[in-house]
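Residue numbers begin at 1 in each chain, while the letters A, B, ... track the order of the sequences.
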Amino acid sequence: MHVNSENILSVKDLTKSVQVEDKTLVLLQPLNLTVAAGESIAVVGSSGSGKTTLLSILAGLDLPSSGQVYLKNKPLHQFNEEQRSQVRAQHVGFIFQQFLLINSLTALENVMLPAELANLTDARARGEALLEQVGLADRLDHYPSQLSGGEQQRVAIARAFIAKPDILFADEPTGNLDSKTGQHITDLIFDLNAKEGTTLVLVTHDAKLAARCQRQVEMDSGVLTEPTVEQVSNNAKTSNVESTKTQHHDVETQNSAAQATTPQVG
Amino acid sequence: MMSSANQKASTMWFTQSLRLLHHELRRGELTIIFLAIVLAVATVFSLTGFSGQIKHAIVANSTNTIGADRVLRMSSEVDLSIIEKSQSLALKSARKIETESMAFAGDNMLLSELDAVSETYPLRGELRIKTSLTQSESMVVNAPKQGSVWVEPSVLSRLDVNIGDIIEIGVAPLTIAGIVTDIPDRSYRAFIAGPTVILNIADMPKTELIQPGSRITYKYLFAGETDAIETFETWIKPQINESQRWYDAKAAQNRLSRILDTAEKFLSLASMLGIVLAAVAVAVASRRYGQRHQSTVSIFKALGASISHVRKLYCLHWTLLSCLSIATGLVVGYGLLLLGVNAIASYLSLADAPLTFVPFLTAIFTGLLCAIAFAIHPIMTLVKSSPLNVIRGFSQDKVARFGLHQLPPILALFLLLFIFSQDLVMSAALLLGGVVVSFILLLLGRGLMSAGRSVGTKAGKSWHLALANLKRRASENSVQLVSFTIAIKLLLLITVMKSSILSEWEQQFPEDTPNHYLINITQNQIDPLKTFAEENNIANQGFYHVYRGRLSAINGIKTVDEDDHDKPAQSDEKSGNQAKQETKKTEQKKSRQGMGRELGLTWRTELPEENEIIAGQWWQVGDEKPQVSIESNIAERLEVELGDDLTFTLGSDEFTVPVTSIRKVNWQSRQLNFIMVFNQSVLEQFPTTSISAWSILDKDRDLVYRFLANFPTITVMDFAAIMAQLNSIIEQVTVAIQLILILVVLAGSLVLIAQVQASMEERERELAILRTLGAKGSLLRNSVLYEFVALGAIAGLMASIGMEIAVYILQSQVFNMPGSFHFQYWLLGIGAGAFFVGTIGMLSCWRLLKLSSVTLIRRTM
C-alpha cells in the first residue's frame, strides 16, 4: 500500500488531551500512522473530529500528550520549540485555509520568506519562478490586500513549495474559496506536488478533494481509522453531488470548529 | 558555498527587519508611535536647549555679573575706614548708587531705574554705549562725564528726546550723551520701574534725590589680586551687619541661575504632562502594533523562524524606528529652538551661546524611555506569539490591568520626573499626585459617561448608540478623557486669568481708590502738596513718614533671612538641597526667621483705616512708651506674639520695642499699609521722607502731573503702569504655558487617534452589523460623531468645574475678592472640547465611514 518504503512521517501511540477546569478532554485517542516519502494522504473527518489537532502535532506546531512523532527520523515529541522550528524550516511546507500571508509584505516577499529562513541563496529567483508558475508573474509587488482570495492562495502555494520541502501540510486549502477557484487551486497543488515529488498531508472534510490523494485516513471523535478502497470511492461519488451545496455550510462549521478548538490547545 | 550561506543567514534577519520597517512606515502603521516620540524628543530638546542657552547667555557667558570681584551692598553710605582699608591693600574700588526716580523732558515724565556710577566703574566686565543711533559698533566706557547721562534706547522714544537733548533727573538737568547697550551688573528682576539711566555719581547730590528715608541702594565694588581680595574679605566679613550684603560674582550668578533653574523646572514639569501623554500614545499604539503583528510572528515561526530570529527582527525594527523618531525629534526640536531664539532676539541675543550636550542627552534619553519602557511589554508578548496560532486562530488577549508589566512604564515616568525636577521627594509627590488627580477625574468621568448612557436612551437613535458606545469603551476612553480635561482646564484658567480676574479685581475698587503713589516727599514739600490736593479735590490718604529699616532680632535672637545662604560669609562649601536644608536646620536653632528684606516703617497716633486690632491694644495718644504693632500674617510667619521684643536696625542705629498689638490689614485695599507701625516716640527722632497715595481722576491727570513736575525729586508711581507691567508679565508667562498646552493637546490627540485605531477592528464589526441590519449611513456617521462630541463635552465640563474651583481659590486666597462664576467660559470649555475631540475623532474614523456597505461587510464577516 505504501508507495515508498522510506517513511518520512511515523507516529506511534500518539494521544492528545487537554485539561479543561477539572476535567480531562481527550482530543486524540491513541493512534498510529506512517506516511511514506512522496505519498499523498488525506485526513478527512467532520468538524471537531480532531484532524486539525493531528495536523498541528504532525507538523511540529504542537506537542502530543504522549506517544512518538518522527519527521524525517527526527523525534519531534522530544524537541523544544526552537528545535521544532528548525525542522519546519528545513523540511516542512504549509498551505492554510486562511492563506495566512503577511499583510505588510508583497507577494514576492511572502513567497521568499521560507527560502530565506532556510538560508537558500536564490530566494528571489525561485520566488519569481514559482509565482510565474502559479500565474502571478505580473503581481510580484502586490500586497495581499490587493489580491483576490484565489490569488492569495496561489501566493501561499508558491510560498509552500519555494524551499522544496520534504513534506507539505495543507489545511482545508480550498475551504475559503468558491468551487471554481477551489478546483483551480487543487489542480495547482497536485501538479506542483507531482512535479516536486513532495509528500502531501491534506486535511479536509471535502471527500472529492480527499479522493485525489493516494491514500485517505478518517478522523472521528479523536479516533483515526483507515477506510477500505470501496468506502473511499463511495464517499467520492456522493460528495460530487453534495459538495457544491454544502460548501457554505462547511465553511461555517469549520469556523465554529476552529472557535471550539481554541481553548483546547495551549 | 556553505560560508556564503551562513553569511547570508547572519544578515537575513537584518534584511527582513528592514523590509518590514520599510513597508510598515509606508503603510503608516507606525505613524502614531513615530509622531509621539518625535513630539517628546522635540519638546525636551527645545526646552532644555533653550533654557540652557538663556542661562549661558545671562550667567555663564557674561564676563562678570557684578562688575567687580566683590560687592558690598547697603542702604546707607559706607564707613570711610572700609575704603581706606581697601586702598591700603591696593584694591581698585568703584561706587554705585541705585534708585528709582522720575526723568522729565518737557511735559513728558518717565519712571526710570537710576544708576549713578563713579569714574572707575565697572571694575570687571564691560559697560558699552553707542553715541549715535546709526553707530554700528558699541564702545567700552566707564562713567559718563559730569552733566551727562547714558540711557537705554526706550528712554528716547518714551520721553520723545534724542541724543544731545537735555532731561531732568530730580532737579538736575543732564545731557543725553549716548545709548547704553551692555550693563555688566544688569538687574534681572521681574519688576523693574523702567528703563535704566546712568549718570555720574558726582551729579547725584545735584539731583536732590537722596533724602532721609529714600529707597537708595549703595554699592561698593572692589577688585584686585586674589590674595588682597581675600585678605580684605577676611577683614570685612565680621563687620557686615543685617542691613548689608557682601557677595561675589558666583553668589550673584548662583542666585540668578537658581531663578532660571526654577523657571526651567516649572516649564519642564508642566511639559511632563505632554511627554507622559506622548508615552501613553506609544503604549496604546504599540499594543495595537503587537496585536496586529501576532499573525506575522506566528507565520514566521510556523515557517521555521527561531525565537531569536524573530526577536532580532523586532529589536532591530524597534531600534530603527526609535532612532528615526529620535533623530527627527532632534531636528524638529532644533527648529523650535531656533524659533525661540529668534522670538527673544530683541531681549537677549543667544547667537553666541553654545548648545551643550545636555539637551541632546536629555532628549535622546526621553525618546528611548518612551520607545522602550512603554513598548517593551507588547513587543515581548509579540515575540512570544505561538506558531500554533496559525491553526487555532488569533486571539486579542486582554492584558491584565494591573501587573508586573506596568512596572517599566511607572519606573520610566518616575525617572522622567526625576530628570526634570532633580528632586526625589518632588518626583514621588508628583507621580502620586498625578495618580490621585487622574483617579478623581476618572471616577467623575465614568459617572458622567454612565449618566450620559441613561440620558441617551431617551435621546434620538444616533445619540443612543453614541452614548452606549461611549460607556462601553469607558476604560479605553479614560486616558484621553483625563488628558483633554487637564488641557482644557489649563487653557480655560489662562483665558479667565487673562481676561477676567485682573479686570474684575480692578473693578471692585471704589472710585476714589488711590491710583498713584507719591514717594520720596520731603518735609517742606508736604504742605504745598496738601494744599494742592485740597484745592483740586484730589482724594488722598494723607502723608506717612517712611523709615527704611530691618528687623534684626526677635527676643534678643538674631533673625536670619531666607536668602542668607547666598552670602558667602555664611554658606559653607556644601551645595544642593540637602546642604541647604542642613544649614537651615542648624540656623533655626540659634536664630529666628527674618523678613528677608528691608521694611518700610512708619509711626501713627491713630489706627489706620482698613486695619483691625485682633490682639492687644492700640496705644493712647501721647503714650511715650516705645511700642510696635505688627501685621497678623507676618506675626504668624515669624511666630511673633504679643509682648515679644523686636529689635530694628535703621542705618547704624538699633532699637528694641515690645509688640503691644497685632493688626489684620486689608492688603487688597490699595491703601498705604505697613507691616510694622510704631508709636511716635520710637521713630520721630530719625530724619525721613514721606509717602502718599492719591486718587487722580483721568480728567485731572494733566493738571496733577504738571503740578508734580514742580517737585522733580518726588517719585510718582502710576498704579495703572504697574498693572500694565503685571499684565505684560502674565502675557509672557501665558505664551510659555500656551506652548506647553499645545504640546499637551497634540499629545492628547495622538492618544485619541491611537485609541481610535486600536478600536478600529471592533468599530468595523459594529458598523458592519448595523449596516446589515439596515442602518442608514447618516445614523452611523452621527453615532460616531456624537460619541466623540460627547467625550469632548464631558472633558470640557470636567475642565470647567476644575477651572471654576481653581479660579475660586485664586479669588479668595490670592486676590481676597468674593468668588464669581464664569459660565461663559463653561460654554467655551464644553464647546471647544466637543468641537476639537469630535473633529479629531471623525477624522480618524473617516476612512472607516467612507467604506461602502459591501466592503465593510466583506471585510468583517
Should the heavy atoms of other residues, nucleotides or ligands under 6.0 Å from CG of A:Asn73 be counted, would the total exceed 12? no

The reported gap from CD1 in A:Ile102 to CZ in B:Phe300 (rounded to nearest 0.5 angstrom) is 4.5 Å

Whether the side chain of A:Arg88 engages the backbone of B:Ala302 through a donor-acceptor N/O pair (distance < 3.5 Å, no angle test) should be reported. yes

Please determine whether the number of non-hydrogen atoms from other residues, nucleotides or ligands lying under 6.0 Å from atom CZ of B:Arg781 exceeds 12. no

CG-NZ distance between A:Leu61 and B:Lys301, expressed to the nearest 0.5 angstrom: 11.5 Å

The criterion is side-chain hydrogen bond (donor to acceptor under 3.5 Å, both in side chains); which residues satisfy it with A:Lys72, sequence neighbours excluded? none

Inter-residue atom distance B:Ser298.OG - A:Leu100.CG, 0.5 Å rounding: 9.0 Å

Quick one: list whatever passes side-chain hydrogen bond (donor to acceptor under 3.5 Å, both in side chains) with A:Arg159, sequence neighbours left out. none

With a 3.5 Å distance limit and no angle check, can you tell me whether A:Gln86 reaches the backbone of B:Gly304 through a side-chain donor-acceptor pair? no

Closest non-hydrogen atom pair, B:Leu303 against A:Leu117: O-CD1, 3.8 Å

In terms of heavy-atom proximity below 4.5 Å to chain B, should A:Leu55 be classed as side chain, backbone, both, or neither? side chain

For residues A:Thr106 and B:His23, report the shortest heavy-atom separation together with the two atoms involved. CG2-CE1, 4.1 Å

Decide salt bridge (Lys or Arg N to Asp or Glu O under 4.0 Å) for A:Glu81 and B:Lys384; before the verdict, give the C-alpha distance in whole Å, the side-chain angles of both, and the deciding distance to 0.1 Å. CA-CA 11 Å; A:Glu81 199 179 314; B:Lys384 283 188 203 146; over 6 Å; no

Salt-bridge criterion met for A:Glu116 and B:Arg19 (N-O under 4.0 Å): yes

Step through the shown structure and confirm whether more than 12 heavy atoms of other residues, nucleotides or ligands are within 6.0 Å of CZ on A:Arg139. yes

So how far is it from A:Thr53 OG1 to B:Leu388 CG, rounded to the nearest 0.5 Å? 9.0 Å

Which one of A:Gly60, A:Ser85, A:Ala89 has the most heavy-atom pairs closer than 4.5 Å to chain B? A:Ser85

Just verifying a value: how many Å separate B:Ile299 CD1 and A:Phe96 CZ, rounded to the nearest 0.5 Å? 7.5 Å

